[in-house]
Amino acid sequence: MTDHTDEHSVQTGIRNDLAGSCLTYRANVGTGWAGTGPPLVADRKMVVAVAPGDVVLRRARRFSTGLPRGFSDLFGGVPVKITPEMVGRTLLQFFAIEVKDDKGRTSAEQNAFLKAIRRFGGRSGVARTVEDARAIIA
């Protein structure tokens with residue numbers, strides 16, 4: 001048995017723990033395919049081995065979706081109470097949490113993103129545990 005907790009489990013624990021105390025979102029990215037011209041949708045098995053439910057794209061090209069390289073796994077806002085000298089309003093302060101397991105390391109792009117968030121007044125950091133995430137948004 002190992003003490004190692006995978007990154008997905010750490011992220012899920014953080015999201016569950018922070019629910020209700022701030023706005024937390026998971027950043028999703030991915031790749032897909034696009035083509036031009038009308039798609040050929042198979043409604044029956046064809047000689048070209050296209051099965052029902054398959055879609056054939058003409059002049060297919062791969063594309064990436066989501067956020068720029070280095071964007072943190074979790075992001076959102078935490079309420080900040082402004083002092084009476086500042087009208088006493090509550091504002092939302094942006095945060096970014098890069099989730100890593102106990103062996104994970106941040107990339108140069110991730111470090112640059114976290115630094116930029118702090119430079120512009122947000123909160124950011126690397127969380128390997130729920131406690132780390134709490135400290136980032138505190």
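What's counted below: heavy atoms across the whole structure, side chains too, no hydrogens, waters or symmetry copies. It should be emphasised that the depicted structure is a prediction, and the values quoted were computed from it without experimental measurement.
Rounding to the nearest 0.5 Å places CG of L114 at 12.0 Å from CZ of R119. Taken to the nearest 0.5 Å, the CZ atom of F71 stands 10.0 Å off from the CD atom of E98. Distance check, rounded to the nearest 0.5 Å: CZ of R123 to CZ of F94 gives 13.0 Å. Once rounded to the nearest 0.5 Å, the distance linking CZ of R118 with NZ of K115 reads 8.5 Å. Distance check: I137 CD1 to S124 OG gives 13.0 Å after rounding to the nearest 0.5 Å. Atom-to-atom distance recorded for D17:CG and E131:CD is 7.5 Å, nearest 0.5 angstrom.
Using a 4.5 Å heavy-atom cutoff, the side chains of V10 and D132 are not in contact. Contact annotation: the side chain of V29 never approaches that of S64 to less than 4.5 Å [non-hydrogen atoms, C-beta and beyond]. The closest side-chain heavy-atom distance from K100 to R105 is not below 4.5 Å.
Under the 4.5 Å side-chain heavy-atom criterion for Ile, Leu, Val, Met, Phe, Trp and Tyr, V126 and I14 are members of distinct hydrophobic clusters. There is no path of hydrophobic side-chain contacts, each under 4.5 Å, that joins F95 to F75. A single hydrophobic cluster is not seen to contain both V80 and L23; linkage of ILVMFWY side chains at heavy-atom distances under 4.5 Å, directly or through other members, places them apart.
A search for side-chain hydrogen bond (donor to acceptor under 3.5 Å, both in side chains) contacts involving T12 returns nothing, not counting sequence neighbours.
Shown are V99, D6, I97; of these, the side-chain contact (heavy atoms from CB on, under 4.5 Å) with Q11 is made only by V99.
A side-chain donor from one of R59 and T36 sits under 3.5 Å from a side-chain acceptor of the other.
Listed by first and then second residue, the salt bridge (Lys or Arg N to Asp or Glu O under 4.0 Å) pairs that reach into residues 63-74 are R69-E109, sequence neighbours excluded.
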